[in-house]
Protein chains: 2
Amino acid sequence: MDEVRRTKQRKAARLLRSGASVTIESVAERAGVAPATVSRALNHPHKVAPETLARVNQAIAQTGYLPNLVAGGLASSRSRLFAAVVPSIANLVYAETIQSFTRRVREKGYQVVLGESGYDSQTEEDVVTALLGRRPDAIFLIGINHSLECRRKLLAAKIPVAETWDITPTPLDVVVGYDHDKVGEAVAEYLLGRGHRAFACVAASDARALKRQAAFAAEIVRRGGGEVLLETTLPGSSLEWGRQRMAALIEERGFTKGAVFCSSDFLALGVLVEAQARGLSVPGDVAVMGFGDLDFAAHTHPAMTTVKIDRTLMGATAADALLARVVDQPWPESVVDLGFSIVARATA
Amino acid sequence: MDEVRRTKQRKAARLLRSGASVTIESVAERAGVAPATVSRALNHPHKVAPETLARVNQAIAQTGYLPNLVAGGLASSRSRLFAAVVPSIANLVYAETIQSFTRRVREKGYQVVLGESGYDSQTEEDVVTALLGRRPDAIFLIGINHSLECRRKLLAAKIPVAETWDITPTPLDVVVGYDHDKVGEAVAEYLLGRGHRAFACVAASDARALKRQAAFAAEIVRRGGGEVLLETTLPGSSLEWGRQRMAALIEERGFTKGAVFCSSDFLALGVLVEAQARGLSVPGDVAVMGFGDLDFAAHTHPAMTTVKIDRTLMGATAADALLARVVDQPWPESVVDLGFSIVARATA
DNA sequence: GTGAAAGCGCTAACAT
DNA sequence: ATGTTAGCGCTTTCAC
């Protein structure tokens with residue numbers, strides 16, 4: 001008895017300190033029902049009598065009760081949290097993917113914890129590990145290259161995993177993306193078809209951009225287009241680096257006539273600006289091709305020819321796949337190829 | 001006894017189904033200590049004997065134990081989670097703020113749940129409410145305009161709140177940003193000082209951009225610069241809208257000589273492109289001024305004159321303020337004015 | 001349809 | 001320095 005009293009005292013002290021936050025118990029008392037009924041009213045309203053439901057909802061409104069999802073998550077082993085890790089939040093293409101992903105899962109009552117890998121697989125592993133501690137119901141990743149240890153941890157977590165922005169026959173779970181080799185080849189074919197005879201390729205040094213670059217160069221060679229001048233930048237992408245690499249192409253390699261394929265629209269915009277600033281005409285002297293079809297691509301001057309990737313659909317599809325798996329609904333495909341398309345505009 | 005057995009059976013069944021995830025208890029058994037000791041080894045290593053610590057760490061490594069932060073959060077009433085809500089994730093300026101915020105809090109072992117308000121205060125309220133259910137230890141917001149109900153809920157949550165990207169003498173808690181009125185005035189002064197005699201201002205219709213626009217126009221008038229042609233776009237910012245508004249300025253308002261102040265660098269880039277596409281010289285005919293000093297601004301052609309905002313510092317400072325408050329360390333200032341600076345380059 | 005009871009996996013006094 | 005104990009606030013059988 002004495003012990004019980006002491007416990008109550010401690011509890012009271014804590015509540016006082018924490019501002020006596022309202023719990024399911026206080027709502028239950030007010031509504032004259034058991035806590036379990038309040039829980040049901042919230043999570044399975046159809047399992048509760050209409051009038052009881054009304055009383056509970058009234059009590060909730062009166063108290064301003066906000067269910068504690070941490071407690072709920074622990075009790076139900078469903079955190080209603082999805083984890084997402086991207087190379088960089090400040091890269092528009094990933095930001096847009098995250099945006100559509102976040103919106104879609106939010107519609108279903110899930111929230112997103114965000115992590116950033118900085119294009120580094122060790123960091124990715126660390127971030128993934130940290131996020132898994134939050135026991136997310138599913139996880140969203142960019143790319144298919146993860147450290148062995150990272151893959152192991154992901155598998156051990158036994159949750160749905162979506163890999164995106166690439167494609168592979170052997171995904172960890174679901175993969176939704178497109179084929180970078182095919183992009184490189186398609187661009188090579190397109191540029192050759194436009195009659196260009198000299199080629200360069202400026203790519204950021206991240207795994208996927210380099211894959212496109214390699215495939216592009218190989219295909220140009222295979223089709224008799226000759227050697228491709230290769231330039232790379234740090235991962236990420238910026239107008240500045242595009243200008244820089246184009247300047248190098250012109251000054252160090254004498255490239256003033258031909259087509260340049262860039263691994264991102266920002267890089268391509270830089271190449272375009274640098275060419276124009278030096279008095280070269282685009283596409284007359286140099287043709288420029290971007291990648292991504294970001295918002296601005298259609299509105300540069302001249303309008304940018306690029307490769308369109310549906311980033312929004314990619315985020316939404318990954319979300320749908322994870323959502324389906326989380327509730328054990330069928331989601332037959334484990335490999336979703338969203339493809340890409342070449343958008344022919346004026347720069348190439 | 002029978003009951004105990006039934007319980008154990010249920011537990012066993014669950015573990016089997018869930019893959020028998022390793023808990024603090026299994027680690028404790030393996031290390032030959034009590035669960036509390038494992039907890040201490042993890043959270044207060046200095047409170048544990050070196051050799052015990054070693055045994056525990058070994059057991060952790062052997063089992064691949066990953067502490068359940070959900071359970072930990074519930075037990076300690078510290079979720080080690082920060083919430084962040086921004087108008088749009090796909091807007092570079094917010095993405096960069098989130099990036100520096102996320103990085104800084106991660107260093108201290110916190111994670112970030114992300115929400116998006118879509119520039120709408122009702123949506124903001126909904127998102128904030130949902131995130132508060134996760135019992136974050138602190139929350140990061142953009143702007144100082146929140147619905148009354150939203151403010152109420154924020155206050156009721158009794159957690160540190162950082163408002164950013166604006167300044168006010170009456171923040172909910174801490175505010176770190178800069179003064180939009182002063183920006184408008186400073187730009188007016190700058191442009192007048194450069195000898196311009198006709199003015200336009202293209203602004204996205206979000207609260208802060210409109211504040212800058214109004215202050216700019218008022219200051220131009222006050223200093224005898226005449227009426228300012230005002231154009232607005234939807235919230236957000238894009239090159240496309242910049243071109244569009246500039247086209248309207250030229251065609252509908254006959255604006256072919258003067259200075260245009262834009263509420264973002266993307267908008268300014270659009271204005272620049274449109275002017276150049278129409279054969280107007282920049283800054284000869286039209287001067288263009290942006291806002292934000294995004295990466296690309298220094299590398300457009302001509303280089304863009306703009307207003308520099310330290311987005312990275314803003315995110316990091318907000319993070320520091322919240323981190324300090326969460327651990328009850330002193331953080332004296334409740335209003336942090338990061339200021340801004342005009343970066344005079346070639347377009348204006 | 002509703003209530004009682006038993007945890008979810010961890011932390012934090014408290015006792016030793 | 002370590003173990004014991006009592007919850008954190010909720011969900012979920014299981015009875016009724």
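All chains are named by letter (A, B, ...) in the order of the sequence lines, taking the proteins before the strands, and each is independently numbered beginning at 1.
- With rounding to whole Å, B:His44 atom NE2 is found 9 Å from C:dA13 atom P.
- Of the candidate nucleotides D:dT2, C:dG9, D:dT11, D:dT2 has the atom lying nearest to any side-chain atom of B:Thr52.
- B:Ala36 comes within contact range of at least one nucleobase, with a heavy-atom separation under 4.0 Å.
- B:Ser88 and B:Asn91 are not linked by any side-chain donor-acceptor pair at a separation below 3.5 angstrom, with hydrogens and angles left out of the test.
- In the set D:dG3, D:dT11, C:dT2, D:dT11 carries the atom at the smallest distance from any side-chain atom of A:Ile24.
- In this structure, the side chains of A:Arg135 and B:Leu66 come closer than 4.5 Å at one or more pairs of heavy atoms.
- Atom-to-atom, CZ of A:Arg78 to P of D:dT11 comes out at 11 Å; the value is rounded to the nearest Å.
- A donor N or O paired with an acceptor N or O is not found under 3.5 Å between the base of C:dG9 and the side-chain atoms of A:Arg135.
- Between the NE2 atom of A:His46 and the P atom of C:dG1 there is a distance of 9 Å, given to the nearest Å.
- Using a cut-off of 4.0 Å between Lys/Arg side-chain N and Asp/Glu carboxylate O, B:Asp137 and B:Arg80 are scored as not salt-bridged.
- For A:Arg40, counting side-chain heavy atoms from C-beta on, the closest listed nucleotide (D:dT2, C:dG3, D:dC10) is C:dG3.
- In this structure, B:Glu25 atom CD and C:dT11 atom P are separated by 14 Å, rounded to whole Å.
- Using cut-offs of 30° and 60° on the angle between ring planes, the pair B:Phe101 and B:Phe140 is tilted.
- Side-chain N/O atoms of A:Thr37 include one lying less than 4.0 angstrom from OP1 or OP2 on C:dG3.
- For the pair A:Pro35 and B:Lys47, nearest-nucleotide mapping onto DNA chain D gives the more 5' position to B:Lys47.
- Side-chain atoms of A:Thr23 lie closest to D:dG9 of the nucleotides C:dG3, D:dG9, D:dT2.
- The nearest whole Å value for the distance from the CZ atom in A:Arg134 to the P atom in C:dG9 is 16 Å.
- Rounded to whole Å, the distance from CG on A:Leu69 to C1' on C:dC8 is 15 Å.
- Counting non-hydrogen atoms of neighbouring residues, nucleotides and ligands closer than 6.0 angstrom, the CD atom of A:Glu107 exceeds 12 such neighbours.
- With distances taken from any side-chain atom of B:Ala75 to the nucleotides D:dT12, D:dG7, D:dC10, the minimum falls on D:dG7.
- Side-chain N/O atoms of B:Arg78 and B:Tyr110 include a donor and acceptor closer than 3.5 Å.
- In terms of position along DNA chain D, the nucleotide closest to B:Ala34 lies nearer the 5' end than the nucleotide closest to the other residue of the pair B:Ala34 and B:Leu74.
- Note on B:Val33: only backbone sugar-phosphate atoms sit closer than 4.0 angstrom, heavy atoms only; bases stay farther off.
- The side chain of A:Asn43 sits closest to D:dT11 out of D:dT11, C:dC8, D:dT2.
- If you take CD1 of B:Ile60 and P of C:dG9, they are 17 Å apart, rounded to a whole angstrom.
- Within the structure, a side-chain polar atom (N or O) of B:Ser39 is placed less than 4.0 Å from OP1 or OP2 of C:dT11.
- Atom P of nucleotide C:dT11 and atom CG of B:Leu42 are separated by 7 Å, given to the nearest angstrom.
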